[in-house]
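Read the structure below first, then the notes.
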Amino acid sequence: MAVLDHLGELERTHSCGGLRAEDAGKTVVLMGWIAVRRDFGPLTFVDLRDRDGLTQVVFDVEDAPEAHARAKEVRGEYVIAVRGEVVLREAAQRNPKLSTGDVEVQAREILILNEARTPPFQLDAAPDKLAAEEVRLKYRYLDLRRPFFQKNLRLRASVVGEIHRYMDEQGFTEIETPILIKSTPEGARDYVVPSRLHAGRFYALPQSPQIFKQICMIAGLDKYYQIARCFRDEDLRADRQPEFTQLDVEFSFATREQVYRLIEGLLVRVFRLVGAELKAPFQRLSYAEALRRFGSDKPDLRFGMELQDLAPALEGTTFAPFASALEKSGEVKGLVVKGGAHFSRKQLDELQEVSKRYGAGALAWIKLGDELSSSLLKALGEEAVMRLARQAGAEKNDALLVVAGKSSVVAASLGALRNELARREKLIPANAFAPLWVTEFPMFEYHEDDGRFYAMHHPFTSPLDEDLPTFERAVEGGETHLLGQIRAKAYDAVVNGIEVAGGSIRIHRRDVQRLVFKALGLTEEKARERFGFFLDALEYGTPPHGGIAAGIERTLMALTGIDNIRDLMAFPKTASAADLMIDAPGQIDPHQLEELHILIVEE
RNA sequence: GGAACGGUGGCCGAGAGGCUAGGCACUGGAUUGUCGAUCCAGCCGACGCGAGUUCGAGUCUCGUCCGUUCCGCCA
């Protein structure tokens, strides 16, 4: 046990990441954590760490015997203060791996401000030797000391700072909306908060401030934004957490083009923070085209490898999987993998596994190696197989991967395969950024399980003006099947295959809103029950308006290439939505339950 | 709701039925130039939990818990 020193009035003069050759000769005070201690007897080195970096501190017994003796007591993660002189290292002793490696601090004095237990895992482990995430999440405060997280969280802060500056420059007003609101059906499951003052009633945490921001438009606030925390009680993923943050934006008299320009300007500014130059205006793809060409509504455009329609080469085919797909208005499509003729049986099996996850029956393949080989050879014959290869534009040494079936399955499986292949074949250029707008999303999505249409975005999304007549026919004329064709003024901003923002122009007219509710099978009473206050508000002079929300973590994922949302937030939850550090969710005591009028029923 | 993979000492990690490697960390000592220091010595565990199969189980089977990833879900 070390005897601790008082910090007293001592103040830091520099951070542990800032000292350079030109600081030589200065007397400095550094404070931080012991990253490592190297003991050479009369000479002891300490790497002192703070959020900015590492500085080597030297304790020389001849130079400062007392400090030297004291330095022998420190251990990893002890907190110390050091006063000493910055000295230039001799050429042979410089450390090019450290930004501060040209200098070191010759310690005169050391204060041991706090000791530390031996950490349960090593903070300096190589990226592939990191302790299990379970352990690191439990001791999140230790994991966060690592430069990786220090860097990510500071980048996050500078991104949010840049957003504030930009939105302010653009004349937007930041407005806070409530966290305790009311549960709305449809959409994600709500996190729910019981009410003490109203027995049997519950608040819900917002999935997004959607209705409030539209109310802000009706309220004449004109240009609203907020860095908003959102909550969704759905299963987690590498890119999904139960609570996350989004830049929420809405403005009045909005056109889609204005939204595009606003967000393009924003993303250009934000990406500049990491030295990336996005080209604006962004490329645009309609939802239909994105799905057709890339099998995804958030295509990664850093590489090509578009889906190829093989139907023209299959006219009159009797091969059952293909014939039945084409008959049932499905598709047969393929992906050409340049140089893919080298694929082994095992690799093809693995790729098939990927496609099967998305419902594909089988993954057919054609390899144009020195000799033709194909899983379709027996069924189709050499000539038909070559016709497919030609149709797809495959050349010598390429492979063609083929999926047949329902359009949605073909798109999903080939879309996923396309991403997987790009990773495996290293087709993704480093430091490339490919932003685009995906536009004209469908208004409605048909759910087979209950045979009705649901709003794809949300029920306040405006249809395209030119689709309004069809929409009316579909709803009032009873031609329900047309609903699937109605397009919305909805859009997503996608960067490198990551959906970083999504929004729409909203409905401001009561008659159109009525049509949408009817299309969704909501009676007037039901709609009133659920959104009554909002429908009322819409009738008091609602300006045309629209907006968008950009996920902060998603944007950072695109910005950094980090593929896990947990690495971009300070205190994330596990896949089962638990916080291992604070052990949440937890039980509450019977008194609290009673006050909340809640009875727990054992299952 | 479903699937896959994983859970071995403080951490990483080998070990595919019979004796459980190694590395790091940690402790003590040595050591004037290291920066993944080095050298010497020491310390640490019945392998997530439960049941089963077996003469015998980290090693096989089943269940369960936890973690990760994916499908569903996420208007």
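Everything quoted here is computed from the prediction, not taken from an experiment. Chain A is the first sequence line, chain B the second, and so forth, proteins listed ahead of strands; every chain is numbered from 1.
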From CG of A:Leu43 across to P of B:C35 the rounded distance in Å is 13 Å
Of A:Gln122 and A:His457, the one whose closest RNA chain B nucleotide lies more 5' | A:Gln122
A:Arg189, nearest nucleotide to its side chain (from B:G36, B:C73, B:A75) | B:C73
Output the single nucleotide from B:C35, B:C26, B:U68 whose closest atom is nearest the side chain of A:Thr118.
-> B:C26
Between B:U27, B:C73, B:A75, which one does the side chain of A:Arg75 approach most closely?
-> B:U27
Can you tell me the Watson-Crick or wobble partner of B:G63, both distances under 3.5 angstrom?
-> B:C49
Is there a Watson-Crick or G-U wobble partner for B:U20 with both distances under 3.5 Å, and if so, which one is it?
-> none
Nearest-Å distance once atom C1' is located in both B:U54 and B:C11 | 34 Å
Given that both distances must come in under 3.5 Å, which nucleotide forms a Watson-Crick or G-U wobble pair with B:U31?
-> none
Judged by modelled atom types alone, do A:Thr55 and A:Glu104 share a side-chain donor-acceptor pair under 3.5 Å?
-> no
Has A:Phe45 got its ring stacked on the base of B:U34, with centres under 5.5 Å and planes less than 30° apart?
-> yes
Looking at A:Arg232, does any N or O in its side chain come under 4.0 Å of the phosphate oxygens OP1/OP2 on B:A75?
-> yes
Mapping A:Gly76 and A:Arg237 onto RNA chain B by nearest heavy atom, which one lands closer to the 5' end?
-> A:Gly76
Does the pair A:Glu524/A:Lys518 count as a salt bridge with the N-to-O cut at 4.0 Å?
-> no
Atom CZ of A:Arg117 to atom P of B:C11: distance rounded to whole Å?
-> 13 Å
Using the C1' atom on both, measure B:C35 against B:G7 and round to a whole Å.
-> 35 Å
Atom OH of A:Tyr139 and atom P of B:G10 are separated, to the nearest Å, by 11 Å
Side chain of A:Glu133 (C-beta onward), nearest among B:A75, B:U68, B:C35 = B:U68
Measure from the ring center of A:Phe534 to the ring center of A:Phe460 and say whether it is less than 6.0 Å.
-> yes
Among the nucleotides B:C12, B:G36, B:A75, whichever has the atom closest to the side chain of A:Lys129 is B:C12
Please measure how far the P atom in B:C74 lies from the corresponding atom in B:A4, and state the result in whole Å.
-> 24 Å
Whom does B:A3 pair with, Watson-Crick or G-U wobble, provided both distances fall under 3.5 Å?
-> B:U69
Sort out the partner of B:C43 for me: Watson-Crick or G-U wobble, both distances under 3.5 Å, none otherwise.
-> none
Between C1' of B:U34 and CZ of A:Arg37, the distance in whole Å | 13 Å
With respect to the side chain of A:Asp39, which nucleotide from B:C71, B:U31, B:G33 is positioned closest?
-> B:U31
Could you check which nucleotide pairs with B:G36 in any of the strands shown, counting Watson-Crick or G-U wobble with both distances under 3.5 Å?
-> none
By the Watson-Crick or G-U definition, both distances under 3.5 Å, B:A25 is matched with none
Does A:Arg452 make a cation-pi contact with A:Tyr454, if we ask for NZ or CZ under 6.0 Å from the ring centre and within 45° of the axis?
-> yes
Non-hydrogen side-chain atoms of A:Gln106 and A:Asp60 separated by less than 4.5 Å | yes
Between A:Arg20 and A:Asp102, is the closest basic N to carboxylate O distance under 4.0 Å?
-> no
A:Glu234 CD - B:C71 C1' separation (whole Å) = 14 Å
